[in-house]
Amino acid sequence: MCGRYTQTASPENLMFRFGLTDQGFTVQPRYNLAPGQDAPTVISEGPRVLRMMHWGLVPSWAKDAFIGNRMINARSETITEKRTFKALLDRKRCLVLADGFYEWQKRERGKLPIRFVLKDRGPFAFAGLWDSWRKPDGSELQSFTIITTGANDLLRPVHERMPVILDRKYEEEWLDLDLTNTARLIPLLKAYPSRDMEAYCVSKMVNSPTNDRPECIQAVDNFSVE
DNA sequence: CCAGACGTTGTT
DNA sequence: GTCTGG
DNA sequence: CCAGACGTTGTT
DNA sequence: GTCTGG
């Protein structure tokens, strides 16, 4: 699954990497991004635009926002069967911008946090779905969920599931609202290849979501990831 | 037809 | 144990 | 995901 | 809103 991640790339870097056309947005580097917080996403409105959205999907029909606590992920295997997600697959797809994510491995001594990144250390996009919910005060809450799949070889010793990182060449297709045959999108939701990823142990400082500092992504000496 | 759910993960 | 908040 | 709270009444 | 269960 995916319950914590990082997005440390600069706005300039993100504009270049994701072909954004909007100017002047601000994105703070995030070393410990947790559910319930606002995070940068990209959607297509013809041109691609950056949108800050709330992590934890609150569907349009929700009576209150609490459901978002339990909707931080969506299983790719059942995404066309589950009411809530199926409805969003047509026109509510987004890229969730990131450059790493954390998983906790259970050891005898407790849980050990591990950061996963691409070997090139560059930004990437999780496959996401989003929706808009009307708050009691009339304003709109835009929120998203991150799609998950079975773990690849690198993840498997740590955790059975992992977030879907879109192959770069499929990002355009994922955002394309003119694409009407959404069945074509399902094959894109695969585990990213292990050979293009790396993992390293980090400090337990990352356990608390209140710690959002560069030290969170520093490698620590520990037993090797196995 | 209406009522009620709508989700994931991990753990038991 | 379970839920909320971050 | 993890951390931290989880409750009422009455009084100050 | 949309689907499932009764």
Side-chain angles (χ1 to χ4, degrees), chain A residues 1-7 28-40 52-93 96 98-117 126-136 140-151 155-165 182 189 191 199-213 215-217 220 225:
Chain A
M1 91 176 287
C2 180
R4 213 73 75 78
Y5 67 94
T6 64
Q7 198 314 104
Q28 300 302 327
R30 298 300 308 276
Y31 305 94
N32 192 4
L33 214 161
Q37 300 178 342
D38 286 341
M52 296 301 290
M53 295 200 223
H54 174 98
W55 183 13
L57 188 87
V58 182
S60 57
W61 45 260
K63 292 185 194 69
D64 56 52
F66 290 120
I67 192 172
N69 296 338
R70 299 182 293 284
M71 302 272 261
I72 64 173
N73 293 133
R75 291 177 69 92
S76 60
E77 296 91 332
T78 52
I79 210 163
T80 57
E81 300 163 18
K82 302 293 182 179
R83 294 193 267 292
T84 300
F85 302 138
K86 186 171 137 184
L88 302 176
L89 200 55
D90 273 341
R91 301 194 61 79
K92 295 288 175 61
R93 304 186 298 273
V96 180
D99 64 357
F101 62 93
Y102 299 106
E103 299 285 356
W104 280 259
Q105 181 174 41
K106 264 171 283 178
R107 300 268 180 97
E108 289 188 11
R109 290 172 161 278
K111 286 185 169 185
L112 184 69
I114 297 168
R115 182 170 184 241
F116 293 86
V117 294
F126 296 128
L129 297 173
W130 66 280
D131 205 353
S132 187
W133 178 71
R134 191 164 293 279
K135 298 185 201 172
E140 289 215 331
L141 175 72
Q142 295 188 320
S143 60
F144 69 90
T145 188
I146 295 172
I147 299 175
T148 63
T149 188
L155 266 288
R156 198 165 295 114
V158 179
H159 205 78
E160 291 183 357
R161 302 195 61 79
M162 67 183 285
V164 171
I165 296 172
T182 52
L189 305 177
Y200 62 91
C201 295
V202 295
S203 159
K204 284 184 178 173
M205 172 192 298
V206 79
N207 285 15
S208 176
T210 59
N211 296 326
D212 185 13
R213 310 191 260 131
E215 292 94 310
C216 288
I217 66 170
V220 297
V225 179

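Protein chains get the first letters and strands the later ones, always in sequence-line order, with residue 1 at the start of each.
Note that CG of A:L155 and CE of A:M1 are 13.0 Å apart. Values are rounded to the nearest 0.5 Å. Taken from CG in A:L141 to CG in A:D38, the straight-line distance is 8.0 Å, to the nearest 0.5 Å.
Here B:dT9 presents its C1' atom at 14 Å from CE of A:M71, a figure rounded to the nearest Å. Rounding to whole angstrom units, CH2 of residue A:W104 and P of B:dT9 are separated by 15 Å. Following rounding to the nearest Å, A:M1 (CE) and B:dT11 (C1') show an atom-to-atom distance of 14 Å. In this structure, CG of A:L88 is placed 12 Å from P of B:dT8, rounded to the nearest angstrom. Distance A:E103 CD to B:dT9 P: 10 Å, rounded to the nearest Å. Taking atom NZ of A:K111 as the reference point, atom P of B:dT9 lies 14 Å away to the nearest angstrom.
Under the rule for a salt bridge (charged side-chain N to carboxylate O under 4.0 Å, His left out), the partners of A:R115 that lie at least two apart in sequence or sit in another chain are A:D99. Considering only residues two or more places apart in sequence or on other chains, A:R213 meets the side-chain contact (heavy atoms from CB on, under 4.5 Å) condition with A:M205, A:N211, A:E215. With sequence neighbours excluded, the residues that form a salt bridge (charged side-chain N to carboxylate O under 4.0 Å, His left out) with A:R30 are A:D212.
Backbone-only contact: A:T78 has heavy atoms under 4.0 Å from sugar-phosphate atoms and none from a base. At a threshold of 4.0 angstrom between heavy atoms, the contacts of A:Y5 with the nucleic acid are absent. Contact annotation for A:A62: no contact, since no heavy-atom pair falls under 4.0 Å across all strands.
Applying the 4.0 Å criterion to OP1 and OP2 of B:dT8, one finds that A:T145 has every side-chain N and O outside that range.
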### Task
Can you check each nucleotide of nucleotides 1-6 of chain C against protein heavy atoms at under 4.0 Å and return B for base, S for sugar-phosphate only, - for none, in 5' to 3' order?
----SB
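Between A:R75 and A:E81 there is no salt bridge, since no side-chain nitrogen of the basic residue lies less than 4.0 Å from a carboxylate oxygen of the acidic one.
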#### Entry: Working for side-chain contact (heavy atoms from CB on, under 4.5 Å), residues A:I67 and A:W61
CA-CA 11 Å; A:I67 192 172; A:W61 45 260; 3.7 Å; yes
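Residues A:Y5 and A:W55 bring their aromatic ring centres within 6.0 Å.
At distances below 3.5 Å, not a single donor-acceptor pair connects side-chain atoms of A:R91 with backbone N or O atoms of A:L88. Although no hydrogens or angles enter the test, the distance criterion places a donor-acceptor pair under 3.5 Å between the side chain of A:Q105 and the main chain of A:P157.
Consecutive Watson-Crick or G-U pairs involving DNA chain E, each under 3.5 Å on both distances, make up stems of three or more pairs at B:1-6 with E:1-6.
By the 6.0 Å contact criterion, CZ on A:R156 is enclosed, its count of non-hydrogen atoms from other residues, nucleotides or ligands being greater than 12.
For A:E140 against A:S132, the heavy-atom pair with the smallest separation is OE1-OG, 2.7 Å.
Across B:dT11 and D:dC2, the matching P atoms stand 9 Å from one another, rounded to whole Å. Nucleotides C:dC3 and B:dT8 are separated by 15 Å at their C1' atoms, to the nearest Å. Taking atom C1' in both B:dT9 and C:dT2, one finds a spacing of 15 Å when rounded to whole Å.
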Pairwise N/O distances under 3.5 Å, protein to nucleotides 2-5 of chain B:
{"from": "B:dA5", "atom 1": "N3", "to": "A:R83", "atom 2": "NH2", "distance (Å)": "3.4"}

